[in-house]
Number of protein chains: 2
Amino acid sequence: MKQNLGHFPKESNVCNCTNIRRASRALTQFYDECLSPSGLTVTRMGMLHQIMELKHPGISELAAAFRIDRTTMNRNLKALLADGLVILRAGQDARKKEVQLTELGTAKLQQAYGLWCQAQQDLEDYLGREELQQLRGSLAKLEALVP
Amino acid sequence: MKQNLGHFPKESNVCNCTNIRRASRALTQFYDECLSPSGLTVTRMGMLHQIMELKHPGISELAAAFRIDRTTMNRNLKALLADGLVILRAGQDARKKEVQLTELGTAKLQQAYGLWCQAQQDLEDYLGREELQQLRGSLAKLEALVP
DNA sequence: CAATATTAGGTGTATATACACTCATATTGT
DNA sequence: ACAATATGAGTGTATATACACCTAATATTG
């Protein structure tokens with residue numbers, strides 16, 4: 001029975017999950033490359049941007065915005081803390097730690113923003129406006145697969 | 001100048017890279033959940049599948065198939081080795097280590113295959129055949145962004 | 001108001017990923 | 001034939017990610 005596997009698909013690119021993971025790695029590398037003059041990666045810039053938008057989010061609140069685990073956000077924040085891009089302040093609720101941008105974090109975000117805009121534009125030029133919109137719609141549906 | 005950031009986009013879901021990363025996490029969780037009765041994750045099943053297809057690939061060859069770094073594949077293989085799903089054999093070229101499925105690895109792959117088929121079908125039902133094909137096309141283009 | 005449940009956060013451990021560097025073994029050019 | 005270069009693999013370090021388990025503070029409720 002060991003070699004009775006002839007019904008497995010022959011091509012390697014059939015798994016939708018493998019494909020999106022591969023594309024995700026590629027796009028991450030593309031964006032990181034575009035942002036590299038700022039010293040930020042796309043995950044770090046994304047975190048800084050969310051912190052700015054949400055004003056003084058708690059760690060869990062910030063994690064929810066990215067749909068990542070709370071403990072992942074906790075650890076990702078440590079690098080931003082170490083680099084002086086954010087600070088943590090105790091909220092009125094003594095359990096909560098509010099995340100805030102420092103001046104340096106704000107400056108870095110601003111610096112990265114222009115590069116990010118170009119990356120977004122480059123991607124739109126590459127895929128075409130139509131196809132990019134379609135892709136974004138499909139990605140949103142995939143996100144909804146998890147509660 | 002510190003607060004001169006009013007031109008930043010207000011919504012959080014504008015970054016295409018953040019979006020694909022989020023979707024990739026979600027789909028990975030979906031597939032892993034589907035495959036969980038087999039004890040394999042989608043990355044592990046993917047590796048086993050590729051090892052089967054490529055016959056006796058070297059580590060770098062296997063990594064190239066996933067477009068991941070060679071050293072990443074090296075480390076991911078260690079878990080499969082530890083679980084007895086694969087073995088490494090020296091090739092004729094003494095530098096090369098050929099990866100082979102064990103009987104246990106083959107059996108696990110076979111067990112996971114049915115669950116994976118169902119996941120693929122569920123996703124197609126969820127997105128629709130048309131949209132899934134479009135998505136796969138776009139993902140392939142994104143992969144091509146890196147050399 | 002005391003007991004309990006919920007919420008916010010932190011740590012240990014594990015997987016997935018990449019880069020810089022190293023080592024050993026081919027292959028090749030002169 | 002031998003030096004220079006290619007190639008295949010391994011390690012150290014770092015980021016990104018999640019789950020199980022823990023602590024502390026607040027909220028709820030009998």
Select base, sugar-phosphate, or nothing to describe what [X] touches, counting heavy atoms under 4.0 Å on all strands.
X: A:Thr71; answer: base
X: B:Thr28; answer: nothing
X: A:Asn76; answer: base

Check: Have B:Asn13 and A:Arg136 got a donor and an acceptor in their side chains that come within less than 3.5 Å?
Finding: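 A:Arg136 and B:Asn13 do not have a side-chain donor-acceptor pair below 3.5 Å.
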
Next item on the list: May I ask you to check whether A:Glu131 and B:Ser138 show a side-chain donor-acceptor distance below 3.5 Å?
Entry: yes

Calculate the interatomic distance between [X] atom [atom1] and [N] atom [atom2]; express it in whole Å.
X: B:Ile59; N: D:dT7; atom1: CD1; atom2: P; value: 17 Å
X: A:Lys96; N: D:dA27; atom1: NZ; atom2: P; value: 12 Å
X: A:Gln29; N: D:dA14; atom1: CD; atom2: P; value: 20 Å
X: B:Asp69; N: D:dG10; atom1: CG; atom2: P; value: 13 Å
X: B:Met73; N: D:dA9; atom1: CE; atom2: P; value: 11 Å
X: B:Phe66; N: C:dT15; atom1: CZ; atom2: C1'; value: 15 Å
X: B:Arg44; N: C:dT17; atom1: CZ; atom2: C1'; value: 15 Å
X: B:Asp32; N: C:dT15; atom1: CG; atom2: P; value: 13 Å

Note to self: By nearest heavy atom, map A:Gln92 and A:Met47 onto DNA chain D; which one lands nearer the 5' end?
What the structure shows: A:Met47

Give a yes/no answer on whether the side chain of [X] brings an N or O atom under 4.0 Å of OP1 or OP2 in [N].
X: B:Lys78; N: D:dG10; answer: no
X: B:Thr41; N: C:dT15; answer: no
X: B:Asn74; N: D:dG10; answer: yes
X: A:Arg21; N: C:dT17; answer: yes
X: A:Ser60; N: C:dG9; answer: yes

Notebook entry, point to check: Considering Watson-Crick and G-U wobble pairs with both distances under 3.5 Å, what does D:dA6 pair with?
Noted result: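 Across any shown strand, D:dA6 pairs with none.
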
Next item on the list: Determine which nucleotide pairs with C:dT25, using a 3.5 Å limit on both distances of a Watson-Crick or G-U wobble pair.
Entry: none

Does the [N] base have a donor-acceptor partner in the side chain of [X] within less than 3.5 Å?
X: B:Arg70; N: D:dA9; answer: yes
X: B:Thr72; N: C:dA18; answer: yes
X: A:Arg75; N: C:dG12; answer: yes
X: A:Arg25; N: D:dT17; answer: no

Using modelled atom types only, decide if a donor and an acceptor are shared between the side chain of [X] and the backbone of [Y] within a distance under 3.5 Å.
X: B:Thr102; Y: B:Gly84; answer: yes
X: A:Thr28; Y: A:Ser24; answer: yes
X: B:Arg67; Y: A:Ala26; answer: no

Next item on the list: May I ask you to decide whether B:Lys108 forms a salt bridge with B:Asp83, counting only side-chain N to carboxylate O separations under 4.0 Å?
Entry: no

Check: Is the base of D:dA6 syn or anti, if syn means a glycosidic angle within 90° of 0?
Finding: syn

